[in-house]
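A note on names: the letters A, B, ... follow the listed sequences, proteins ahead of strands, and every chain is numbered from 1.
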Amino acid sequence: MNESVIDVQDVCFSYAGQEVLHNVTFQVPARAFVAVVGPNGGGKTTLLKLILGELAPRFGQVRVLGGAPQKVRRRIGYVPQALQFDPGFPVCARDVVLMGRVDRHCAGPYRRADRQAAAAALAQVGMAQCARRPFAELSGGERQRVLIAQALVSGPELLLLDEPTASVDPAATRQLHTLFRELKTDRTIVMVSHNLGAVTGHATHVLCVNRAAEMQTLADVTAGTVRETAGGEIALLQHGPECHVIDSSAALDAPHHGAREGDA
Amino acid sequence: MTFLHDLLRFPFLQYAVLAGALTAVAGGVVGSLVVVRRTTYLAGAISHCVLAGLGLARYLQRGCGISWFTPMLGAALAAVAAAALIAWLTMRQRQRIDTALSMVWAVGMAIGISFLAATPGYQDDLMSYLFGSILLVDPAELALMAGLDALILLAIGLFYNQFLAIAFNADHARLRGVRVALFETIFLLLTALTVVLLVKVAGIVLALALLTLPAATAGVLTRRLVPMMALAAGICFAMTCGGLALSYGPEWPPGATIVELAAGGYLVAVGIRKLRRHAAGG
């Protein structure tokens, strides 16, 4: 039997007595693209941190890639919600990508294999020509691509993306979603997003998180599911590179039949 | 010209230039990391705490007759102790960094003053502790400086990638399995050893300026860390030699002149960059 890439069983988590996640259970199959949606403060980022092993559940169990999250962290790529960095920090794009392989050697400089992997990761995200450019001089979308290359450079089997398009303009958002569609072919991706419409073009599952969590395949998601578990209405549905505003209830009240880019 | 003429004749001037070169290497490399990490006040706290070690050494030498306990040894012990205390307070006890630095900064000076007050005789060399004594460097101190330089360069060379990753994004480095607390502590100790070298040149009050100003000047001129380190070392050496030469004729204090020159160099670099940007924009 094919083991789940992520297996979350009866997980409860609290910050200072305030319960953020309650009895959360779901499994993510291999090669799935899971869109994690829900309101602010609903526990989406906390859930990612539990999967990364940065936080430990109060009750329940989290297993990732068949092991404890801390043990398999090197097989996970992670792109944080927003990177706080000094604009004057003297690094180029390639330096930032190489940091994704900082754990490969106890001491000494990066080896040729590391530099080749960094070049390949930058090429994969369409940033090969920017390898030597200072990171601070890149646009928001370009920086986000470099951070995705940093997450990819170690060859992760699981990619966790925490609102990767939150701080970039619509054109860069479209380019990033095209990139995510390419990346999902050979790895499992879990992406937190406020924009369900943007991810429906390539997500296979939707995980609604609002203290509780419910995961469904995209075909089974309805407006009722989102309303109940995510605690709000979806006002905008966006498919593919073009943006289409439609009536959310009309779109989701009927079962979704796996519409993809170009179907809209 | 007098300086160049005397440089060829007098060993004390040759030792001073050599001390400038040795401190410039460590100062440029560690100073660049201190500047990009924005931890200059950490170096300031350690340098002021060095007075405790200098005072202890003077007390043990003059008050207790322990001649082998030199000021340089006292300075090194105090700097390492200060770095270890800052690391323990901030990383183990989760105390606020500004509180820990203020305590180390002030208490280190207080302990130093107490030791100096308890030391018998007139404290004729107090000014050299505060503002440096590069012209009094002897061959034994040069050997110690060379040893500290080698240790600092070896550690930075071995763990450069870890230091860079932590400085850029400590959370990401931790997720990638880097032992952030361990490397932060190592970096604090390296900063402490660099401060000990700089204290001999510029004194405890001015060492902070010599650690940060050449690196800041280099940071204005380049956008990559390794070139910044090399350039900072070169600027630090040039400022040290320039300060020595300028101060030699009129008998100005060399440490203060070196720091004034370094500050002037930094302001000129910032001004040139401003003009270049203005010209490019226009």
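- Residue F135(A) touches chain B through its side chain alone, counting heavy-atom pairs closer than 4.5 Å.
- Using a 4.5 Å cut-off between heavy atoms, F168(B) touches chain A through backbone and side chain atoms alike.
- Only the side chain of R132(A) has a heavy atom closer than 4.5 Å to any heavy atom of chain B.
- For I76(A), the part lying near chain B is the backbone, with the side chain staying farther off; criterion is any non-hydrogen pair under 4.5 Å.
- Side-chain atoms of C92(A) and R224(B), non-hydrogen and from C-beta on, do get closer than 4.5 Å to each other.
- Contact of V178(B) with chain A is made through the side chain alone, with heavy-atom distances under 4.5 Å.
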Criterion side chain to side chain contact (heavy atoms under 4.5 Å, CB included) on V91(A) and L164(B), from CA distance to verdict: CA-CA 9 Å; V91(A) 281; L164(B) 183 67; 3.9 Å; yes
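- Options N169(B), T222(B), L175(B), V226(B) differ in how many heavy-atom pairs under 4.5 Å they form with chain A, and the most are formed by L175(B).
- Residue-environment remark: CZ (R179(B)) stays at or below the threshold of 12 foreign heavy atoms within 6.0 Å.
- When the shell of 6.0 Å around CD of Q93(B) is examined, it contains more than 12 heavy atoms from other residues, nucleotides or ligands.
- Contact count versus chain B (heavy atoms, under 4.5 Å) is highest, among G100(A), S154(A), A136(A), G53(A), for G100(A).
- Between F159(B) and A107(A), the closest heavy-atom pair is CE2-CB, 3.9 Å.
- Under the 4.5 Å side-chain criterion, counting only non-hydrogen atoms from C-beta, R37(B) is not in contact with D86(A).
- Contact count against chain B (heavy-atom pairs under 4.5 Å) is highest for R74(A) among Q70(A), R101(A), R74(A).
- With a 4.5 Å cut-off on side-chain heavy atoms, P80(A) and D171(B) do not count as touching.
- Only the side chain of R38(B) comes within contact range of chain A, with at least one heavy atom under 4.5 Å from a heavy atom of that chain.
- Residue Q150(A) touches chain B through its side chain alone, counting heavy-atom pairs closer than 4.5 Å.
- Evaluated for a side chain to side chain contact (heavy atoms under 4.5 Å, CB included) with N161(B), the options V102(A), D103(A), D114(A) yield exactly one hit, V102(A).
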Quick one, R223(B) with E137(A), criterion salt bridge (charged side-chain N to carboxylate O under 4.0 Å, His left out). Give me CA distance, side-chain angles, the key distance, then yes/no. CA-CA 10 Å; R223(B) 302 297 296 269; E137(A) 289 180 7; 3.8 Å; yes
